[in-house]
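What follows is a short report on a single structure.
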Amino acid sequence: MNIKTLSISTGVLFIIALTVFVFENRRGTDLVAGSDFIKGMDAEKIHKISLSFSGDKNIVLVRDSEHFVLENHKSYPAATEKVNNLIYKIASIQVKEKVSGGPSEVAKEKFGLNKSSRKFFVEVFDGEDKRTVAFTVGNASKGGRGNYLYKEDGKAVYLSGDSLLLNSSYKDFIDTVLLKVNEKKIEKITVKGRSDIEFEKEGEKYIIATPKVKKYKEEKVKQYFHSFRVIRFQDYFSSADPEVAGLNFSDEIKVNLENQIRYQLSLAKRKDKHFLKVSALADSMPRRVVVKRDDSKEDLEKIEAMAKAQDRAQRFNLMRGTWVYKIDEKTYTKLVKDKAEFL
């Protein structure tokens, strides 16, 4: 290859490289239809998500070990599934078209992207509290599908391919199911307070074990076992919150399950409000467990079940055990019973 040919080839390669550079940089600033509005968001590196809405509403989710908590709502544990849905919704926003170049105040006003008129503002931070994502969602398009979008320090306003809506209440990010128990797995229920009574399940039969009675309404007892299938709450409070200070938790219920876990429920009432505390207990593991060669399969399974029960109880208490929950009257009355109802 002579010098002339080499010079021509080098020039062609330079033009191609320059064209690719310009094209790639244009794509970086001007998003094409169907492309992701947020690129390269790594969910594993997200440490905090802040959502700001009109009326100074704000939700801040912060990673705490394996979970996210609602930082500005008493640091209550957020539901993992709901946080994952939020992250997916942010990461999957797609652009329909570019509608304006430049973040002028006129454009922001026109598309509802000002602080006073925006639908919501999203910020994502990494573990070093560095903001990695920040964008505003404005008005819906006149056609009704899609919202106007603007990245902080961006150079254009875009229209999303689909309408965007994020939950604006902290309750939308929690799981309001406090307890979920399969009634067929309950071995015994012990009630203390206004009535002292103990129920047991013998095979398929539901009985009153204490006090010993000849006649009772077995169907009522069965319904009581069913009462623990799903228990929901309306709101939550830390034990130091003035709303729940001084409550008299005079009614206590213990629910023993086949898997060695026992749930302890404590209930209180103040005027027309009803409250519940719940914790989980499990049979204590020996300080030292020695597994022998001649241990039977049943022995090993018993040790494994005990360890699993301990782990489940600890996890439950970590997430639920330190709070006082407000429940509705219907839930309260289905749990707090008088002995006469069963006789």
Measuring from atom [atom1] of [X] to atom [atom2] of [Y], what distance do you get when rounded to the nearest 0.5 angstrom?
X: K326; Y: R270; atom1: NZ; atom2: CZ; result: 12.0 Å
X: K180; Y: L178; atom1: NZ; atom2: CG; result: 13.0 Å
X: Y148; Y: S160; atom1: OH; atom2: OG; result: 9.5 Å
X: K254; Y: S266; atom1: NZ; atom2: OG; result: 9.5 Å
X: E105; Y: K110; atom1: CD; atom2: NZ; result: 15.0 Å
X: S116; Y: E109; atom1: OG; atom2: CD; result: 6.5 Å

_Side chain N167, main chain S169, donor-acceptor under 3.5 Å_ =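 Side chain of N167 to backbone of S169: no pair is present.
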Kindly check if the number of other-residue, nucleotide or ligand heavy atoms within 6.0 Å of [atom1] ([X]) is above 12?
X: R131; atom1: CZ; value: yes
X: E341; atom1: CD; value: yes
X: K334; atom1: NZ; value: yes
X: K222; atom1: NZ; value: no

Applying the 4.5 Å side-chain criterion to the ILVMFWY set and letting contacts propagate, would [X] and [Y] be lumped into a single cluster?
X: I174; Y: V69; answer: no
X: Y332; Y: V191; answer: yes
X: F120; Y: I87; answer: yes
X: L61; Y: F125; answer: no
X: V177; Y: L267; answer: no

Judged by modelled atom types alone, do [X] and [Y] share a side-chain donor-acceptor pair under 3.5 Å?
X: Y170; Y: D235; answer: yes
X: S279; Y: N317; answer: no
X: H226; Y: E183; answer: yes

*Yes or no on side chain to side chain donor-acceptor pair (under 3.5 Å) for T331 and D328, after CA distance, side-chain angles and deciding distance?*
CA-CA 6 Å; T331 300; D328 60 25; 2.7 Å; yes
Ring centres under 6.0 Å, that's the criterion: do [X] and [Y] meet it?
X: Y206; Y: F225; value: yes
X: F135; Y: F37; value: yes
X: Y76; Y: Y236; value: yes

*Output, in order, the C-alpha distance, side-chain angles, deciding distance and verdict of side chain to side chain contact (heavy atoms under 4.5 Å, CB included) for L166 and L51.*
CA-CA 9 Å; L166 296 183; L51 309 176; 4.0 Å; yes
*Grab the two heavy atoms, one from A78 and one from V83, that are nearest each other, plus how far apart they are.*
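Smallest interatomic distance, heavy atoms only, reads CB-CG2, 3.7 Å.
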*So which pairs with a foot in residues 59-71 pass side-chain hydrogen bond (donor to acceptor under 3.5 Å, both in side chains), sequence neighbours left out?*
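Sorted pair list comes back empty.
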Charged N to carboxylate O under 4.0 angstrom, [X] versus [Y]?
X: D162; Y: R145; answer: yes
X: K82; Y: D172; answer: no
X: K205; Y: E218; answer: yes
X: K192; Y: D251; answer: no

*Cluster partners of L247, using ILVMFWY side-chain heavy atoms under 4.5 angstrom, listed by chain and number?*
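Besides L247, the cluster holds F237, V244, F249, F275, V324.
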